[in-house]
Amino acid sequence: MSAVVCVGSISNIKALWESRIQKHQDELKAERGQRGKSSVGEISNVWESRIQLSKLKEKVYNEDGRLILRIEKEEWKTLPGCLVKLPQLQEWQLHRTGLTTIPTFIANFNNLLVLDLSRNVINKIPREIGRLTKLRELLLSYNRIAEVPAEISGCENLERLELAVNKDISELPDQLGKLTQLTHLDLNMNQFTTIPRAVLELPALEWLDMGSNKLKTLPEDVDKMQCLHTLWLQRNEISDLPDSIGHLQNLSTLVLTNNRMRGIPACLQSLRNLR
């Protein structure tokens with residue numbers, strides 16, 4: 001019996017295997033190329049991180065033993081992650097940098113005493129801020145913040161809080177009243193319609209600015225702020241004062257300019273320290 005050779009079938013099989021081999025080789029080549037790009041990208045990121053860290057180190061100053069990161073009028077819309085390599089920083093001063101966010105890795109800076117990010121375009125305070133238990137001053141005036149997180153109550157040693165000229169803050173979380181060390185609070189030029197309950201609960205508050213808001217009346221229990229010596233209420237819509245304000249015996253400065261007052265309330269006669 002004679003053998004039959006199917007030349008067409010063999011040719012097809014050969015072509016199929018050759019195409020598979022070529023495809024496999026192309027895939028290996030592409031994979032090697034991708035690995036090469038990844039390696040180059042990783043090296044590039046490492047160098048970029050080193051360059052940024054080097055620039056940041058140039059902005060660190062030692063003043064009276066306190067390490068301060070100070071950046072003024074330079075564009076830093078975001079802060080690089082490499083900043084966590086400087087955990088010993090005790091103070092941040094970043095003004096007019098165009099900073100849009102406070103990084104969540106702020107929680108790593110356990111030694112921070114002062115966080116001054118005034119005059120930027122920050123629109124949110126991260127919850128991680130509450131892990132800064134040594135923080136004494138939080139200065140965030142002239143930004144675009146609309147809400148204050150309850151976690152800020154975790155800053156148990158906070159003495160000074162400035163949120164002036166954010167324009168959209170209208171309330172504060174009740175937890176803020178747990179800040180037993182807070183003596184200075186600036187809420188000027190926002191959208192408050194009354195003094196928040198949390199403010200009345202601050203046991204050590206001495207200085208309060210709620211000017212240029214939308215206050216019409218003051219709470220009847222305004223006298224809970226017994227340590228208060230300075231109260232700014234200018235540029236509001238206040239027409240009368242509660243008699244209880246006369247019980248603020250430590251009050252020495254009361255500013256009511258540009259309101260709707262028609263006379264001097266008799267209750268002010270009780271304020272013996274008013275200057």
Do any pairs count as a salt bridge (Lys or Arg N to Asp or Glu O under 4.0 Å) and have a residue in residues 84-94, sequence neighbours left out, and if so which ones?
->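 Pairs touching residues 84-94 that pass the test: R66-E91.
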Taking it one step at a time, do K216 and D240 satisfy salt bridge (charged side-chain N to carboxylate O under 4.0 Å, His left out)?
-> CA-CA 8 Å; K216 293 183 179 180; D240 199 8; over 6 Å; no
Measuring from atom [atom1] of [X] to atom [atom2] of [Y], what distance do you get when rounded to the nearest 0.5 angstrom?
{"X": "L158", "Y": "Q181", "atom1": "CG", "atom2": "CD", "result": "9.5 Å"}
{"X": "L112", "Y": "Q88", "atom1": "CG", "atom2": "CD", "result": "11.5 Å"}
{"X": "I245", "Y": "D223", "atom1": "CD1", "atom2": "CG", "result": "9.5 Å"}
{"X": "R119", "Y": "L99", "atom1": "CZ", "atom2": "CG", "result": "15.0 Å"}
{"X": "I71", "Y": "L117", "atom1": "CD1", "atom2": "CG", "result": "10.0 Å"}
{"X": "I102", "Y": "L94", "atom1": "CD1", "atom2": "CG", "result": "10.5 Å"}

Whether the side chain of [X] engages the backbone of [Y] through a donor-acceptor N/O pair (distance < 3.5 Å, no angle test) should be reported.
{"X": "D209", "Y": "L187", "value": "no"}
{"X": "N259", "Y": "N236", "value": "yes"}
{"X": "N188", "Y": "D186", "value": "no"}
{"X": "D168", "Y": "A146", "value": "no"}
{"X": "N213", "Y": "G211", "value": "yes"}
{"X": "E162", "Y": "S118", "value": "no"}
{"X": "Q249", "Y": "G246", "value": "yes"}
{"X": "N258", "Y": "Q234", "value": "no"}
{"X": "N166", "Y": "I169", "value": "no"}

Identify the two heavy atoms, one from [X] and one from [Y], that lie closest to each other, and give their separation to 0.1 Å.
{"X": "L182", "Y": "L202", "value": "CD2-CD1, 3.7 Å"}
{"X": "D174", "Y": "R197", "value": "OD1-CB, 4.3 Å"}
{"X": "P103", "Y": "P126", "value": "O-CG, 4.4 Å"}
{"X": "G154", "Y": "T133", "value": "O-CG2, 3.8 Å"}
{"X": "P203", "Y": "C227", "value": "O-SG, 3.4 Å"}
{"X": "P265", "Y": "L241", "value": "CG-CD1, 3.9 Å"}

Side-chain heavy atoms under 4.5 angstrom apart, residues restricted to Ile, Leu, Val, Met, Phe, Trp, Tyr: same cluster for [X] and [Y]?
{"X": "Y61", "Y": "W76", "answer": "no"}
{"X": "L251", "Y": "W232", "answer": "no"}
{"X": "M189", "Y": "L161", "answer": "no"}
{"X": "M261", "Y": "L248", "answer": "yes"}
{"X": "L163", "Y": "L233", "answer": "yes"}

Side chain to side chain donor-acceptor pair (under 3.5 Å) partners for N190, two or more places apart =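 Residues passing side chain to side chain donor-acceptor pair (under 3.5 Å) with N190: none at all.
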Any residue meeting side chain to side chain donor-acceptor pair (under 3.5 Å) with E75, in chain and number order, not counting sequence neighbours =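 Here no residue qualifies.
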Residue pairs fulfilling ring pair (Phe, Tyr, Trp, His ring centres under 6.0 Å) with at least one residue in residues 154-200, sequence neighbours excluded |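 Non-adjacent pairs meeting ring pair (Phe, Tyr, Trp, His ring centres under 6.0 Å): H184-W207.
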Could you name each residue pair satisfying ring pair (Phe, Tyr, Trp, His ring centres under 6.0 Å) that touches residues 135-161, not counting sequence neighbours?
->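 Listed once each, the pairs would be none.
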Do [X] and [Y] have side chains that get closer than 4.5 Å, going by heavy atoms?
{"X": "P87", "Y": "N111", "answer": "no"}
{"X": "L218", "Y": "I238", "answer": "yes"}
{"X": "R131", "Y": "I106", "answer": "no"}
{"X": "T100", "Y": "N123", "answer": "no"}
{"X": "I68", "Y": "L89", "answer": "no"}
{"X": "T253", "Y": "L274", "answer": "no"}
{"X": "L56", "Y": "C82", "answer": "yes"}

For R96, which residues count as a salt bridge (charged side-chain N to carboxylate O under 4.0 Å, His left out) partner, sequence neighbours excluded?
->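 If we apply the salt bridge (charged side-chain N to carboxylate O under 4.0 Å, His left out) test to R96, skipping adjacent residues, the hits are E72.
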Pair K167-Q191, side-chain donor/acceptor within less than 3.5 Å =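 Short answer, no.
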Flag for S252-N273: side-chain donor and acceptor within less than 3.5 Å =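 No donor-acceptor contact under 3.5 Å links the two side chains.
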Begin from the C-alpha positions of M210 and L215 and carry the test side-chain contact (heavy atoms from CB on, under 4.5 Å) through to its verdict.
-> CA-CA 8 Å; M210 293 201 68; L215 305 184; 4.1 Å; yes
Before accepting this row, confirm whether a basic side-chain N of the pair [X]/[Y] lies closer than 4.0 Å to the acidic partner's carboxylate O.
{"X": "K178", "Y": "E201", "value": "no"}
{"X": "D116", "Y": "R70", "value": "no"}
{"X": "E147", "Y": "K124", "value": "no"}

